[in-house]
Amino acid sequence: MSDSTSSSPSRREFIRTATGATAACALVPGTLLPTALSGQPRTAPGAPALHLREAEPKVVASGNGHDFRNGGEETCVEVVFRLMTEGEDVLDAVIAGVEINELDPGDTSVGYGGLPNGDGVVQLDASVMHGPLRRAGSVACLEGVRTPAQVARAVMDHTDHHLLVGPDAQRFARNMGFPIEDDLNSEQSRELWLEWRRRTDPSRWPSAEDREQVGHQMGLEMVREGLIDAEHYWGTINCNAVNARGELAGCTTTSGLAWKIPGRVGDSPILGAGLYVDGEVGAAGSTGRGEANLFNLTSYLIVEQLRQGMHPLDAAMEGLRRIQENTVESRLLDDDGDPTFNVNFYVVDRSGRHAGVSLHDTGRRFAICSENGPELVPFESLLGE
Ligand code: ASP
């Protein structure tokens, strides 16, 4: 069971802070300041570096958050946990973590080497949300930048907007000093795209509808044959974290649905869909069929259920039930009337309780990191296998 019960008063305790000082007293209310933008103080000047522990520090992410190291020692969830317990801003920590997946060509669902769109172009979506600051930023259909989460962060920090898209998002990134590359395909993602092109011979596309259908079927065939990991056909990383001060942040970054129609934007960069963080309540984010999630703004729904006092697991299951109820098109249903696709949610509340849920049980796991170290944990599923 994906659970933690750190919110019980008996487990509240004084802890060491990032400075390593031994706890001896609590800060009086009001001296804890929200985590601030880079360069701004995070605690009141002169405040003792000691805090009443408000949450069990926790990082929750999709399974790839503990699968890839990009040649280094640590995975995403390990980096996030280490940085935030060292005192880094919680969103900076999350972005540093997901960057491992964005840069690792082995993760073909995120950043560099992500599976491209139908024209062979890697188009990336990402969103970030900072709980204490109540700020957010995102980018969609961004080409040429390996680290779209960083660009989303720049949108948050340097503009009055929440979402920049396409060539203008790239122009913004260039102006902010991000290197722009012609092509983000790795050898592997290009080879897989060429294989998909070969299978979806244009002569078999008499209409736009058939073309989409054939393209999707061939993609699924490649998944069944083991050429593409199912998690990477859709595939994304979502990572949410809460530190000991109860400060929350989250990020979702992706190359989106493999072989998507150029310009297609999924749920990942849409606030409330692929990610939602409320600094007072909790954070939720998703991977899986973005369209199902976009229709229901499910991450927002889950966080609202947390606000009503629900446990993350119950709140997340409620989100899955909403998706199931709103899936009525026969093309999306199996013989039992259940959705044929999968969607997953990763949730952490302000006290550090967490959940990872999945519409179907695929045997896959999600990642957490706590004081007990990193772990891959089975999802709770709504519909079974
Ligand atoms: N949700 C992403 C999208 O629809 C893909 C995924 O996570 O599998 O773009």
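Predicted model only: the values in this text are computed from it and were never measured. We count ligands from 1, going down the list as the structure has it; atoms in each ligand are counted the same way.
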Per-atom contacts of ligand 1 with [X], taking only distances under 4.0 Å to non-hydrogen atoms:
{"X": "L257", "value": "9 (O)"}
{"X": "T287", "value": "7 (O)"}
{"X": "G288", "value": "1 (N), 2 (C), 3 (C), 4 (O), 5 (C), 6 (C), 7 (O), 8 (O)"}
{"X": "D267", "value": "1 (N), 2 (C), 3 (C), 4 (O)"}

Please say which of T236, N238, D267 ends up in a side chain to side chain donor-acceptor pair (under 3.5 Å) with S286.
D267
Note: E181-R146 ion pair, threshold 4.0 Å (strictly below)
yes
Taking NZ, NE, NH1 and NH2 as the nitrogens, is one of them in E280 or R307 under 4.0 Å from a carboxylate oxygen of the other?
no
Taking CZ in R322 as the centre, count heavy atoms belonging to other residues, nucleotides or ligands within less than 6.0 Å. Is the count above 12?
no
So with a 6.0 Å cut-off around CG of N175, is the heavy-atom count from everything else above 12?
yes
May I ask you to check whether [X] has an N/O atom sitting below 3.5 Å from an N/O atom of ligand 1?
{"X": "R264", "value": "yes"}
{"X": "T236", "value": "yes"}
{"X": "G256", "value": "no"}

Mind checking whether K260 has a heavy atom under 4.0 Å from ligand 1?
no
Quick check: do L306 and V347 have side-chain heavy atoms less than 4.5 Å from each other?
yes
